[in-house]
Student: 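Handing you a structure now.
All chains are named by letter (A, B, ...) in the order of the sequence lines, taking the proteins before the strands, and each is independently numbered beginning at 1. The figures here come from the full heavy-atom set of this structure, side chains too, leaving out hydrogens, waters and symmetry mates.
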Amino acid sequence: MKRTLTSVAFAAACLAAAPVVLADELKDLPASAKPLGGEQHNLATLSKPYPKRVYVLEPIFPVFVAGKIWVINGEKQDIEAVMSAGYAPNFAIAPDHSQLYVFDTYWSKGFRGTRSDMATFYDPLNLTIGADVDLPKGRFLVVPKKQNAEVTPDGRYLLSYNLAPATTVSVVDTKERKYKGDVEIPGCGLIFPSAGNRFSSVCSDGTLATATFDANIKATITRSSKFFDPDGDPVLEHVGIDKKKGMVYFVSYEGNIFPVDISKEKPAFQPKWSLLTDEDKAESWYPGGWQLIALHRATQKLYVLMHKGPKWTHKQAGEEVWVFDAKTKKRIDRIKLKEHAISITVSQDAEPYLFTQTEKPSLITYNLKDGSEVGEVEFGISPYLLYVDGD
Amino acid sequence: MAKGLQFMDRFFERMSRRTAQQVSRRHFVSGLGAAMVGATFLPVLPVSRKAQAAEDPAAAWAKQVEAQTKDPRACNYWRYCSSDGYLCSCCGGGPATCPPGSVPSPTSWVGSCLNPDDGKTYLIAYRDCCGKDSCPKCACLGSAGEKPAYIPQLNNDIIWCFGASSMIYHCSSAAIVGQI
């Protein structure tokens, strides 16, 4: 009984002391201790966005109900911050850098209970949460791919793909911070935003669907003619994309590039061309990995992760990055990677870096001026997707 | 929930039926798809593959990894040619058995793999076991004949827990459901 009373008294004392922890720290020091003035418990904020900051999305496969987004200083190869995320998350950056968006799914009891899906708005400097916008139709639960969640080029709407089982795109108004409705895109997937109220999606029959929606999210859908062969040579899900110009470069299993101009209401399909010469094919080179292609907008250079096949190894990590001029359709460089990589991206500044997510896992950075290694930083268990400001 | 499950069944059944019809027009196993419709499977890939035997991804994978039939805890176990994820065999279950406490998914996608012992190609239903967080053992990535997720019935990145009481992925199983 005496012990119980003591415990209660101790707990009461703790409760009373709880709100004034920092100021009272010195009071608890032994009398012999020499006070040094006390270091403040500070809180860091991120610097303004810059081209070589990399956001690395990690679905943590061994603990899949949790995810992370690592904020990496790509110049100094250092960790600037880590954001928490949920199950199979997605990520997007507002075009004006005013917000970061995480698309998430949680269950009320961790791995069970009530499911909730949401788009969460983060301040890009202090990473505080500004809003959770419920996605009542859910989200597509899949190993994360960039084009499953997007923001329109004007920053007005967030677009989140869903398959439950109807294929739809949930639309969130970033001004109202509110879910506005779903656009049905039967038989199609992925989101390529091309205007404030328009996006395109790839369809299983080899066509492109383009949805234009009004303020009430009533949509009209048009379907293109077939532009690739989904049976013989399907296009992969990650693309080289210039969201400002509305240009998408699809890459297929067999190494063909399908350039599509989506800047107008009707997509314009440019002739396909191959990444591979006859000699490359003889050596069994294939594109592969996860986020396997990147576009440097200003120079229209395409960067593609390549490995030696056989066929049907489209997720195999790449040993080289091949550089192509998208205008001349010629290969202009080959970069041998220090470590095989599953995902790549490039910074969009005038002196770009190539960021490679290795299987190790680590992020290895190369200077595209000469292909030299800038540095390496190790983090996470299964980082997967790379985003840069100005993506 | 039951209503939702029925809807899900109908959805995949429709996809299967359509697939089966397409298949039957082109190939010799016309009855195959129809026979599997009730089980919500999606048998398109194996048949079209078979038509291109020279490029059969199942055979190519079996050769590449030296597929075997003895150890279901190894990534080169013959049924895992298109499996992506943690093996249920390493988590208290088996190639066609969900571990204790998990929830077997009633939906799946169907690929085909070559059994190196008899040289025959079998239809494999890639069913996820759901309801618990990942069993992080024996991660394997097979991609023979696997397609992007805009062709969902042939994609192994999707959490195949549709119709289960939980959409949380635990591990991957690979059940034999037919033979080509």
Student: If I compare all heavy atoms of A/Phe111 with all of B/Ile168, which pair ends up nearest, and what's the gap?
Tutor: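 Looks like O-CD1, 2.9 Å.
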
Student: By a 4.5 Å heavy-atom criterion (distance strictly below it), what part of A/Leu141 contacts chain B: side chain, backbone, both, or neither?
Tutor: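 Contact with chain B involves both backbone and side-chain atoms of A/Leu141.
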
Student: Can you tell me how far the SG atom of A/Cys203 sits from the CD1 atom of B/Ile151, to the nearest 0.5 Å?
Tutor: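 Result: 10.5 Å between the selected atoms.
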
Student: Could you measure the distance from the CG atom of B/Asn156 to the NZ atom of A/Lys315? Nearest 0.5 Å is fine.
Tutor: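 Those atoms lie 3.5 Å apart.
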
Student: Closest approach of B/Tyr150 and A/Val235, non-hydrogen atoms and distance?
Tutor: OH-O, 2.7 Å

Student: NZ of A/Lys360: more than 12 outside heavy atoms within 6.0 angstrom?
Tutor: yes

Student: Shorter than 4.5 Å, heavy atoms on both sides: which option in A/Lys145, A/Arg112, A/Gln316 has the most such pairs with chain B?
Tutor: A/Lys145

Student: For B/Ile159 versus A/Val142, what's the shortest heavy-atom pair and its separation?
Tutor: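 Taking B/Ile159 first and A/Val142 second, the nearest heavy atoms are CG1-N, 4.0 Å.
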
Student: Which bit of B/Leu141 comes within less than 4.5 Å of chain A, counting heavy atoms only: side chain, backbone, both or neither?
Tutor: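 When you check distances to chain A, only side chain atoms of B/Leu141 fall under 4.5 Å.
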
Student: Count the heavy-atom pairs under 4.5 Å between each of B/Ser166, B/Cys161, B/Ala149 and chain A, then report the option with the highest count.
Tutor: B/Ala149

Student: Is there side-chain contact between B/Ser143 and A/His314, with heavy atoms separated by less than 4.5 Å?
Tutor: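 The answer is yes, as the side chains (C-beta and beyond) meet within the 4.5 Å cut-off.
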
Student: Of the non-hydrogen atoms in A/Asp231 and B/Lys147, which two are nearest, and what is the gap between them?
Tutor: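 Here A/Asp231 and B/Lys147 meet closest at O-NZ, 3.5 Å.
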
Student: Could you pull out all donor-acceptor pairs under 3.5 Å where a side-chain atom in residues 128-138 of chain B meets a protein atom, sequence neighbours excluded?
Tutor:
residue: B/Asp128; atom: OD2; partner: B/Trp160; partner atom: N; Å: 2.8
residue: B/Lys132; atom: NZ; partner: B/Pro100; partner atom: O; Å: 2.8
residue: B/Asp133; atom: OD1; partner: A/Phe64; partner atom: N; Å: 3.0
residue: B/Asp133; atom: OD1; partner: A/Val65; partner atom: N; Å: 3.3
residue: B/Ser134; atom: OG; partner: A/Phe61; partner atom: O; Å: 2.7

Student: Taking atom CD of A/Glu184 as the centre, report whether more than 12 heavy atoms of other residues, nucleotides or ligands fall under 6.0 Å from it.
Tutor: no

Student: Could you work out, with salt bridge (Lys or Arg N to Asp or Glu O under 4.0 Å) as the rule, every residue matching A/Glu150, not counting sequence neighbours?
Tutor: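 Only A/Lys243 meet the salt bridge (Lys or Arg N to Asp or Glu O under 4.0 Å) criterion with A/Glu150.
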
Student: Could you tell me which portion of A/Tyr253 (side chain, backbone, both or neither) has an atom closer than 4.5 angstrom to a non-hydrogen atom of chain B?
Tutor: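 It is the side chain, since no backbone atom gets that close.
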
Student: Mind checking whether A/Thr105 and B/Met167 have side chains closer than 4.5 Å, heavy atoms only?
Tutor: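 Heavy-atom side-chain distance check fails, nothing below 4.5 Å.
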
Student: In this structure, are over 12 heavy atoms from other groups packed under 6.0 Å from B/Asp71 atom CG?
Tutor: yes

